[in-house]
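The structure displayed is predicted, hence computed values, not measured ones. Both ligands and their constituent atoms are indexed starting at 1 by order of listing. In what follows, residues are counted from 1 in the order of the sequence shown.
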Amino acid sequence: MAALPVNNDEVKCSPAKKLKTETESDSKNANSLHDNEISLSSFQVKRVLQNNCLRKQVCVEGVFEGYEGSTIILLEKRNFSDDTVSLKKEFFNEDTTLRKLYSNDIYGNYECFPVKTYNGLNAMVIHPATPKHIEKFKRKELYIVDETYELYQKITLPYIESSSLSLEWVYNILEHKAEQDKVVYEDKNEETGFVLVNDLKWDGQPNTLKLIALPFKKIKSMRELNASHLPLLKNIRDSGTKTITEKFNISPSQLRIYLHYQPSYYHLHVHFAYLMFETPGIYVEKAHLLSMVIRNIELMSEYYTKAVLSYVVAAGDPLCIKFQEEGILTKVKSESIEDCK
Ligand code: G7M
C-alpha cells in the first residue's frame, strides 16, 4: 500500500492558507485509502473517541498499517426493516436462534446472533483525519451559548472564516463531480435554485428518510438570512416537499424540515427528514424549522441579525474556547469520557 502524505499544516499556516491546504489535501488523499478494499485487521485502535449507547455507535481513532496519519472509524448498528417480508428473511429464518440468558415468570432474556449477511454495521472511515476531525468526534462536556448578533460578529464569524471544515464535498455535488446518483432534484437558478440530495447518513430506508437541500447561492448560515432569501427558502420548501411526495410518497406534513445553527458545514443547507424518525440533531438547541425561519423573516427582514440564537458548544472546540476566553462561558467541570453509565 502506498504511504500517504501527513497533514502537518494545522499548526503552521495562516487561517486562509490552512483552509485551502486542508481542502486540497482532503481531495488528494481521499482517493488513496478509499480506493482499496479495507481490511480492519491492519487497523490499530489508539483510543475510543466516544461510545454512544443511545445511538449504538462507537468511534475510534487509530492507524492503518502502511498508511500515514490518523484514521477515524465510526461504527454504527443498523436500523431494522419495518416490513414483515424483510424481517422474516433477515431474522426469522432457520439459521437464527435465540440463546437463553435467563427467564423470570413470563419474561425471558435471550441473545440473538443473526446470520452474517444481515448483521452488518454501518462504518464511516475518515483518513487522514485532521486534529479538527478528531476533536469533532470526541465526546466532551457541553455548554449552552446565547449568541447575540454582536457575539456572532466578534467571535463566531471570525471562527467560521478561519477554521471551519472544508466545503469541498458540497461543491462536488453542486458542480456534478460527486454523488450524482444520489441527487433527487435540481433547480439550476443561481438565486433560488438548489440540489436535493440523499444525506450521507441515510441508509435508504423510507422510515429513516433524510435528504439535504444545498443552494447554489453561497450563504454561510441562518445568521445571514434576510427577506432577499425568501424566494430561495420558499422554493426549497415547495419544490423539496413536492419532490419527496412524488418520489417517496411522504406528505409535506410528515416531514421535519429544518436548518441547524450551528451547522457543521458553513454552506447553508436545509434538512428534510421523515417526521417519525427521531434523527440526531433535532433538539431545540440546534434545529430551526424552515417554516419558522421563513415566518420570522417575513415578520422582520433583519430578524436573524437581531435574534439571540442559542446553541450548544463542546469543551475543547475552538468556538467554546473563544467564548470561554471572552468570559461568556465559565468552565466548572472537567471533561468526562464516560458515555454509557
Ligand atoms: O450539521 P449540519 O447541519 O452541518 O449537517 C450537515 C449534513 O450534511 C449532515 O446531515 C451530514 O450527514 C451531511 N453530509 C456531510 N457530508 C460530508 C456529506 C457528504 O459528503 N455527502 C452528503 N450527501 N451529505 C453529507
Side-chain angles (χ1 to χ4, degrees), residues 19 22-23 25-27 29-31 33-34 52 55 57 59 72-74 76 79 122-130 132-137 142 156 159-160 163-186 194-205 208-216 218-225 233 236 240 243-244 255-274 277-290 293 304 309 311-314 317 319:
L19 200 62
E22 184 185 279
T23 305
S25 164
D26 276 354
S27 51
N29 290 324
N31 297 328
L33 178 70
H34 299 296
N52 188 321
R55 293 198 204 167
Q57 284 180 341
C59 186
I72 292 172
I73 301 186
L74 177 76
E76 183 178 29
N79 298 314
N122 292 330
M124 182 172 81
V125 178
I126 303 178
H127 179 271
T130 65
K132 249 185 274 164
H133 288 112
I134 292 165
E135 268 311 304
K136 182 176 151 68
F137 285 94
L142 303 177
T156 317
Y159 157 74
I160 297 170
S163 45
S164 48
L165 292 173
S166 163
L167 297 175
E168 201 60 23
W169 68 272
V170 175
Y171 303 135
N172 283 343
I173 294 173
L174 293 176
E175 292 164 16
H176 298 175
K177 291 183 192 156
E179 300 189 47
Q180 292 310 289
D181 55 329
K182 302 279 188 300
V183 170
V184 297
Y185 178 81
E186 180 168 351
F194 69 100
V195 168
L196 186 65
V197 62
N198 292 3
D199 192 288
L200 182 73
K201 291 186 196 126
W202 186 30
D203 59 10
Q205 300 279 337
T208 58
L209 178 130
K210 199 167 186 316
L211 297 111
I212 41 173
L214 302 166
F216 285 101
K218 285 187 182 171
I219 302 164
K220 285 190 187 67
S221 77
M222 267 175 54
R223 266 292 183 208
E224 290 192 347
L225 292 174
L233 296 174
I236 290 177
T243 304
I244 290 175
L255 286 172
R256 185 181 278 115
I257 310 168
Y258 57 96
L259 296 89
H260 277 158
Y261 195 79
Q262 296 288 323
S264 311
Y265 302 94
Y266 290 90
H267 179 103
L268 189 91
H269 49 277
V270 177
H271 298 256
F272 286 75
Y274 183 44
F277 173 43
E278 290 184 19
T279 170
I282 58 172
Y283 304 112
V284 289
E285 70 272 17
K286 185 160 179 127
H288 298 253
L289 287 174
L290 178 63
V293 172
Y304 287 102
L309 297 177
Y311 54 85
V312 168
V313 288
D317 282 359
L319 202 48

Could you point out which residue of T243, I212, D199, I236 forms a side-chain contact (heavy atoms from CB on, under 4.5 Å) with F272?
-> I236
Could you list the atoms of ligand 1 found under 4.0 angstrom from a heavy atom of H260?
-> 1 (O), 2 (P), 3 (O)
Check: of D199, I173, L165, min heavy-atom distance to atom 11 (C) of ligand 1 comes from D199
When you measure from atom 2 (P) of ligand 1 to every protein heavy atom, which one gives the shortest distance, and what is it?
-> H269 NE2, 3.1 Å
Which value, rounded to the nearest 0.5 Å, describes the distance between L167 atom CG and Y266 atom OH?
-> 10.5 Å
Tell me which part of W169 gets within contact of ligand 1: side chain, backbone, both or neither, using heavy atoms under 4.0 Å.
-> side chain
For Y258, is the NZ or CZ atom of K286 found under 6.0 angstrom from the centre of its six-membered ring and inside 45 degrees of the ring axis?
-> no
Is there a heavy atom of H271 sitting under 4.0 angstrom from any atom of ligand 1?
-> yes
Side chain to side chain, K201 and T279, heavy atoms closer than 4.5 Å = no
Using a strict 4.0 Å cut-off to heavy atoms of S264, name the atoms of ligand 1 that fall inside it.
-> 1 (O), 2 (P), 4 (O)
Should the pair F194 and Y185 be assigned to parallel (<30°), tilted (30 to 60°) or perpendicular (>60°) ring geometry?
-> tilted
Decide if the gap between the ring center of H269 and the ring center of H271 is smaller than 6.0 angstrom.
-> yes
Judging by distance only, is a nitrogen or oxygen of L200 under 3.5 angstrom from one on ligand 1?
-> yes
Sub-4.0 Å atoms of ligand 1 with respect to non-hydrogen atoms of K210 | 10 (O)
Atoms of ligand 1 under 4.0 Å from any heavy atom of I212, numbered from 1 in the order shown, are 8 (O), 24 (N)
Classify the contact between E179 and ligand 1 as side chain, backbone, both or neither, using a heavy-atom distance cut-off of under 4.0 Å.
-> side chain
Approximate separation, where rounding is to 0.5 Å, of H267 NE2 and I173 CD1 = 10.0 Å
